[in-house]
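Down below is the structure, laid out as structure tokens.
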Amino acid sequence: MAFKNVRALDDWHEAGAMMREVVLFMWEEAWPTDRDLIVTRIAERTPEQKTEVHTDGPPHRAIDFRIWHAPLQTVQRVADKVNAKFIYDPQRPAMMVAIVHDAGSGNHLHIQTHTNTVLREAVA
């Protein structure tokens, strides 16, 4: 795993335990081994930030990954594997842990957790 800048690396050290578990699962079990896993953003403390998920913390509960170097279909499969393993919040089943989207600066893989995020098998 690589970091776009020192700030992202510093923020990783303040990531929540569940966030780390999700990212490590993704890296070890879902991310294609022929592609770098690059963190572009974790915490964002600017007025332009539209949601709280990147500003809530520490512990931080959201992380963005660069995906321009991987086929979109591949990245969506990664997101699907993460969402098959983790539930963002059992009380809000429509919310996802992994989202592939463009939030205004290009497509990226967004991973988010909540205080209620759990393994799917823990709920079954």
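Just so it is clear, the values below take in all heavy atoms, side chains as well, and ignore hydrogens, waters and symmetry mates.
- Atoms CZ and OG1, from R7 and T40 in turn, are 12.0 Å apart once rounded to the nearest 0.5 Å.
- In terms of heavy atoms, M18 sits closest to V118 at CE-CA, 4.3 Å.
- Across E14, H60, R61, a single residue satisfies side-chain contact (heavy atoms from CB on, under 4.5 Å) together with I42, and that is H60.
- We find the CD1-CG distance between I99 and D64 to be 9.5 Å, quoted to the nearest 0.5 Å.
- W12 and M26 fall within the same hydrophobic cluster, where Ile, Leu, Val, Met, Phe, Trp and Tyr residues are linked whenever their side-chain heavy atoms come under 4.5 Å apart, directly or through other members.
- In this structure, H110 and H101 have perpendicular ring planes: the angle between them is above 60°, well past the 30° mark.
- Test N83, V82, I111 against M96 for side-chain contact (heavy atoms from CB on, under 4.5 Å) and you get one pass: N83.
- At a threshold of 4.5 Å between non-hydrogen side-chain atoms, the residues F65 and V39 count as touching.
- For the atom pair CZ of F3 and CZ of R41, the computed distance is 15.0 Å after rounding to the nearest 0.5 Å.
- Put simply, the side chain of P90 reaches to within 4.5 Å of the side chain of N116, judged on heavy atoms.
- Taking CD of E28 as the start and CE of M1 as the end, the distance is 10.0 Å to the nearest 0.5 Å.
- By the 4.5 Å heavy-atom criterion applied to side chains, V97 and F25 are not counted as neighbours.
- Here the CG-CG distance, from N5 to D10, works out to 9.0 Å after rounding to the nearest 0.5 Å.
- For the residue pair P59 and A15, the shortest heavy atom distance occurs at CB-C, 4.2 Å.
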Name each donor-acceptor pair under 3.5 Å that joins a side chain in residues 67-75 to protein atoms two or more places apart or in another chain, with its distance.
{"residue": "H69", "atom": "NE2", "partner": "D36", "partner atom": "O", "Å": "2.6"}

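- Distance check: T33 OG1 to W27 CH2 gives 12.5 Å after rounding to the nearest 0.5 Å.
- Sorted by first and then second residue, the pairs that involve residues 71-97 and meet salt bridge (charged side-chain N to carboxylate O under 4.0 Å, His left out), not counting sequence neighbours, are D89-R92.
- In this structure, M95 is a member of the same hydrophobic cluster as L119, with clusters built from ILVMFWY side-chain heavy atoms closer than 4.5 Å.
- Remark: the backbone N or O of A43 is paired with a side-chain donor or acceptor of D11 at under 3.5 angstrom.
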